[in-house]
Number of protein chains: 2
Amino acid sequence: MTSDPPRKPHHHGNLRAALIQSGLEILAESGLSKLTLRACAARAGVSHSAPAHHFGGLPGLLTAIAGRGFEIFADTMNAARRDADPAPRAQLIAICRGYMDFAEAHPALFTLMFNTPARLAPDDAFVAAADAAYDVLADTCAPFEPVTDDPRSTEMMVWALVHGLASLLQGGRFKPENDRMDMPDFEAILPPLPLRADP
Amino acid sequence: MTSDPPRKPHHHGNLRAALIQSGLEILAESGLSKLTLRACAARAGVSHSAPAHHFGGLPGLLTAIAGRGFEIFADTMNAARRDADPAPRAQLIAICRGYMDFAEAHPALFTLMFNTPARLAPDDAFVAAADAAYDVLADTCAPFEPVTDDPRSTEMMVWALVHGLASLLQGGRFKPENDRMDMPDFEAILPPLPLRADP
DNA sequence: AGGAAATCTTGACAATGTCTAGTTTGGTGA
DNA sequence: TCACCAAACTAGACATTGTCAAGATTTCCT
């Protein structure tokens, strides 16, 4: 009827993307507890059972939202890396700061991505997005000598360290004397990491 | 009436403890998603609204269960420390292993304790139990020189590292080539930590 | 144009947390 | 001893949530 082709295909067009966006907004505005199937549907302007046709059910929707989160997560870390000194250790510290920035900027999304595995139903797209985020950090760790005989040990150690920091700070598990818990001093916290010998 | 005084005070006696125990069992047997108010009540043999009189509501019950979890958590780490070589670094590695052991032995409880802060309503008892567990690790880190100017930086670094490892391994976020993800080599992963100069 | 498939709506259902009112129990004081 | 009272627990109802079945509407292919 109307003459705006991309505006409202009247079967809503791309409900899938709209529902994911609604979920991200609810997460940012009201937290994880308010992220329900029906709330996402209402925000997108559709009935409460419309999401099931695109995501199967709640786990599918949450997985899609978390997958989108991993994309944003990788973007955040990549942006931090781009703006930093190209020296390997500076790059690594920038990645860590990007990691913390994301956790602080999107706490509820961060929780959904990492702390509620039982509520998700990982599919190929989700695994790909999560792996892509992992690879950003792994690439940044590649110049360094592994800390054990496992070639991935540096990534694991750094990832665990920064993830633990972000997770514990967000959960408020650190002692209250912590006045400024915003950004740890990664230069001091990260151990000395010698560069690999062979290129 | 009957002659077994501790058995059944018939107003159930200590429903509070029974509900916490039921919650721990449900958590161990069926996971976090099955841990509901009504399931705990049914397992303890009381009506579905009995728990509210002792815990206020679901958040109160979950908090009490998580608080009990922190007690078990501290016990696990203390036991690991007792059985280890008394040298500071050996003590620290033992604590880390105890941490991982707990996470592996009680995955759902671990998730409740650390990954669902929005569902808990921390009270004094909970904070005390969580702090006590923190202190076990802090005491073990005390012999070492802080890694930054913050005197608590060593505890934070070690706690974050081991928590990140436990959390990521449990969430299955590490790459699949990880055949034996059971217990990391903390001797290699933990950075060299010089002892404090002054006692 | 016509029909098939995708998309979305409506209505119902079971499960859950919470609230209110009522019932039972155990202790305490006259 | 016994009556009373507060605590402990039950019973029922209600709103919210996720899921499912059935039907209506739109889009697309031929």
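Chain naming here is simple, since letters A, B, ... match the order of the sequence lines and numbering starts at 1 in each.
The aromatic rings of Trp159(B) and Tyr99(B) sit perpendicular to each other, their planes meeting at more than 60°, with 30° as the lower class boundary.
Side chain of Arg43(B) to backbone of Gly23(B): no donor-acceptor contact under 3.5 angstrom is found. Side chain of Thr63(A) to backbone of Ala121(A): a donor-acceptor contact under 3.5 angstrom is found. For the pair Asp135(A) (side chain) and Ala138(A) (backbone), a donor-acceptor distance under 3.5 Å is absent. Formation of a donor-acceptor pair under 3.5 Å by the Asn14(A) side chain with backbone atoms of Arg16(A) is not found in this model. The backbone N or O of Val136(A) lies less than 3.5 Å from a partner atom in the side chain of Thr140(A), making a donor-acceptor pair. Of the possible polar contacts, one joining the Thr154(A) side chain to the Glu145(A) backbone as a donor-acceptor pair under 3.5 Å is found.
The heavy-atom pair separating Phe186(B) from Leu165(B) by the smallest distance is CE2-CD1, 3.8 Å.
Within a heavy-atom distance below 4.0 Å of DNA chain C, the residues of residues 58-65 of chain B found are Leu58(B), Pro59(B). Contacts of residues 36-54 of chain B with DNA chain D (heavy atom under 4.0 Å): Val46(B), Ser47(B), His48(B), Ser49(B), Ala50(B), His53(B), His54(B).
Whole-Å rounding puts the Asn14(B) CG to dA7(D) P distance at 18 Å. Remark: P of dT16(D) and CG of Leu35(A) are 18 Å apart, rounded to the nearest angstrom. Here the C1' atom of nucleotide dA7(D) and the CZ atom of Arg16(B) are 15 Å apart, to the nearest Å. Atom-to-atom, CZ of Phe55(B) to P of dC19(C) comes out at 17 Å; the value is rounded to the nearest Å.
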